[in-house]
Amino acid sequence: MTVFGDVFCFDIGANIGTKAEAFLIAGAKVVAFEPQPECMRELKARCSHYRSKFHPVQKAVGAELGESTLYTRERSGIASFYEDWVGTVQSSIQVSITTLDRAIDEFGKPDYCKIDVEGWELEVLKGLTQPISLLSFEYHITEREINTTAACIDYLSHLGKILINVVPAEMHSFVFQEWLTPDEFLKRFPEDVADLGKDGYGEIWVRSC
């Protein structure tokens with residue numbers, strides 16, 4: 001018996017496929033978006049044997065169709081469209097960008113969308129004009145990224161009614177016993193989670209209702 005069954009996932013910022021593979025093992029169908037060529041090679045090697053359940057897309061996801069400059073670092077997992085992101089820039093590459101709306105047109109609407117894009121979360125969400133049942137995106141406890149988290153929540157709240165929870169890095173359960181409205185959540189974030197988890201980051205979970 002699988003955990004996910006026939007659940008359909010978007011993995012945005014799939015990197016080398018650690019989470020995509022976990023979703024596939026659990027029985028989910030996965031469309032994985034990753035713009036870095038070297039990561040895409042490992043992602044395909046890791047997941048392509050799942051055949052019809054796995055579809056890799058060598059693109060980033062953003063607010064508009066086009067291209068942009070991605071700054072790579074010493075670790076592929078911290079490549080970012082921000083030149084001043086964590087880590088030392090190793091090189092820059094031009095990558096193609098699609099949008100969530102275009103991806104939904106092409107593949108269908110996912111049951112769950114995971115977004116891990118090193119500061120680019122709001123740009124990803126700006127390319128979405130319809131609610132998704134469940135999504136998660138990364139947060140960081142810095143002034144800029146706290147503002148980004150608030151902007152992401154505000155944007156999603158205009159697509160429909162939502163409830164929110166949070167899982168700090170290296171933790172495996174939600175911080176709040178009850179899912180919170182956007183106003184309730186923002187009264188408690190980041191203060192109630194700043195000292196939890198590891199290295200001041202984690203995942204915001206958003207459920208449409």
| field | Distance-minimising heavy-atom pair for Ala20 and Leu43 | value | CB-CD1, 4.3 Å
| message | I'd like to know if the side chain of Glu106 and the backbone of Ile104 have a donor-acceptor N/O pair within less than 3.5 Å. | response | no
| task | Starting from Val89, walk the hydrophobic network (Ile, Leu, Val, Met, Phe, Trp, Tyr; side-chain heavy atoms closer than 4.5 Å) and list everyone else you reach, by chain and number. | result | Tyr71
| query | Which residue, Val30, Leu24, Asp116, forms the side-chain contact (heavy atoms from CB on, under 4.5 Å) with Asp11? | reply | Val30
| request: Group every Ile, Leu, Val, Met, Phe, Trp and Tyr by side-chain heavy-atom contacts under 4.5 Å, then state whether Ile162 and Val193 land in the same group. | output: yes
| query | Can you check whether Ile132 reaches Leu156 side chain to side chain, under 4.5 Å on heavy atoms? | reply | no
| Does a side chain donor of either Glu64 or Thr99 reach within less than 3.5 Å of an acceptor in the other side chain? | no
| Sidechain-backbone polar pair: Arg102 side chain, Leu65 backbone, donor-acceptor under 3.5 Å | no
| query | Would you call Ser133 and Asp111 a side-chain contact if the rule is heavy atoms closer than 4.5 Å? | reply | no
| request: Over all heavy atoms of both residues, which pair between Trp120 and Tyr82 is shortest? Give the atoms and the distance, please. | output: N-CE1, 4.5 Å
| request: Show your reasoning for whether side chain to side chain contact (heavy atoms under 4.5 Å, CB included) applies to Leu196 and Val175. | output: CA-CA 9 Å; Leu196 302 175; Val175 169; 3.9 Å; yes
| field | hydrophobic_cluster_shared for Leu135 and Leu186, side chain cutoff 4.5 Å | value | yes
| said: Using a 3.5 Å distance criterion without hydrogens, assess whether the side chain of Ser92 forms a donor-acceptor pair with backbone atoms of Thr69. | reply: no
| Side-chain heavy atoms of Phe81 within contact of Glu123, under 4.5 Å | no
| task | Answer yes or no for Arg46 and Phe54: cation-pi contact, defined as NZ/CZ to six-membered ring centre under 6.0 Å and angle to ring axis within 45°. | result | no
| message | So which atom in Pro131 and which in Lys109 form the shortest heavy-atom distance, rounded to 0.1 Å? | response | O-NZ, 3.0 Å
| query | Where do Glu203 and Lys19 land on the salt bridge (Lys or Arg N to Asp or Glu O under 4.0 Å) test, with the steps shown first? | reply | CA-CA 13 Å; Glu203 290 183 317; Lys19 288 191 175 180; 2.9 Å; yes
| Any Ile97 side-chain heavy atom under 4.5 Å of Val61 side chain | no
| query | Would you call Arg207-Glu178 a salt bridge at under 4.0 Å N-O? | reply | no
| Exceeds 12 heavy-atom contacts within 6.0 angstrom, atom CD of Gln177 | no
| Any idea which heavy atoms bring Ala14 and Lys114 closest together, and the distance? | CA-NZ, 4.1 Å
| query | Among side-chain atoms of Ser91 and Thr72, is any donor-acceptor pair under 3.5 angstrom? | reply | yes
| message | Starting from Val86, can I reach Tyr201 by hopping between I/L/V/M/F/W/Y residues whose side chains sit under 4.5 Å apart? | response | no
| request: State whether the side chain of Lys29 and the backbone N or O of Asp6 hold a donor-acceptor pair below 3.5 Å, judged by distance alone. | output: no
| field | Reported OG1-to-CZ distance for the pair Thr149 and Phe137, which is rounded to 0.5 angstrom | value | 5.0 Å
| request: Run through Ile164, Val167, Asn165 and flag the one making a side-chain contact (heavy atoms from CB on, under 4.5 Å) with Ile204. | output: Ile164
| task | Check the pair Phe176 / Asp192 against side chain to side chain contact (heavy atoms under 4.5 Å, CB included), numbers first and verdict last. | result | CA-CA 9 Å; Phe176 304 118; Asp192 286 7; 4.1 Å; yes
| Chi angles and distances behind the ring-ring contact (aromatic ring centres under 6.0 Å, His included) call for Phe107, Phe8 | CA-CA 10 Å; Phe107 301 106; Phe8 176 36; 7.5 Å; no
| Heavy-atom donor-acceptor pair, Glu34 side chain to Gln36 backbone, under 3.5 Å | yes
| task | Please answer: with hydrophobic residues joined when any side-chain heavy atoms are less than 4.5 Å apart, are Trp85 and Leu70 in the same cluster? | result | no
| What's the spacing between His49 NE2 and Cys47 SG if we round to 0.5 Å? | 7.0 Å
| task | Supply the atom-to-atom distance Lys126 NZ to Leu100 CG, rounded to the nearest 0.5 angstrom. | result | 13.5 Å
| query | Linking I/L/V/M/F/W/Y whenever any side-chain heavy atoms sit under 4.5 Å apart, do Leu180 and Ile146 land together? | reply | yes
| Heavy-atom count around Lys44 NZ within 6.0 Å, excluding the residue itself: above 12? | no
| Do we see a donor-acceptor contact under 3.5 Å between the side chains of Thr142 and Glu145? | no
| request: For Glu38, look at atom CD and say whether over 12 heavy atoms of other residues, nucleotides or ligands are found less than 6.0 Å away. | output: no
| remark: What one should report as the nearest heavy-atom pair of Pro35 and Ala60 is CB-N, 3.8 Å
| query | Any chance CG of Asp84 has more than 12 other-residue heavy atoms, nucleotides or ligands included, within less than 6.0 Å? | reply | yes
| query | Strictly by modelled atom types, are Ser136 and Tyr112 linked by a side-chain donor-acceptor pair under 3.5 Å? | reply | yes
| Of the non-hydrogen atoms in Tyr155 and Leu122, which two are nearest, and what is the gap between them? | CB-CD1, 4.4 Å
| said: Rounded at 0.5 Å granularity, tell me how far CD in Glu143 sits from OG1 in Thr148. | reply: 10.5 Å
| task | Output the distance between atom CZ (Phe33) and atom OG (Ser96), rounded to the nearest 0.5 Å. | result | 13.0 Å
| OG1 on Thr88 to CZ on Arg73, rounded to 0.5 Å | 8.5 Å
| field | Derivation of the side-chain hydrogen bond (donor to acceptor under 3.5 Å, both in side chains) call for Thr129 and Asp101 | value | CA-CA 7 Å; Thr129 60; Asp101 277 348; 2.7 Å; yes
| query | Under 4.5 Å between any side-chain heavy atoms of Phe185 and Thr181, yes or no? | reply | no
| Min side-chain heavy-atom separation Val31-Pro110 under 4.5 Å | no
| query | Do Ile141 and Tyr139 come close enough that some side-chain heavy atom pair is under 4.5 Å? | reply | yes
| query | In this structure, are over 12 heavy atoms from other groups packed under 6.0 Å from Arg144 atom CZ? | reply | yes
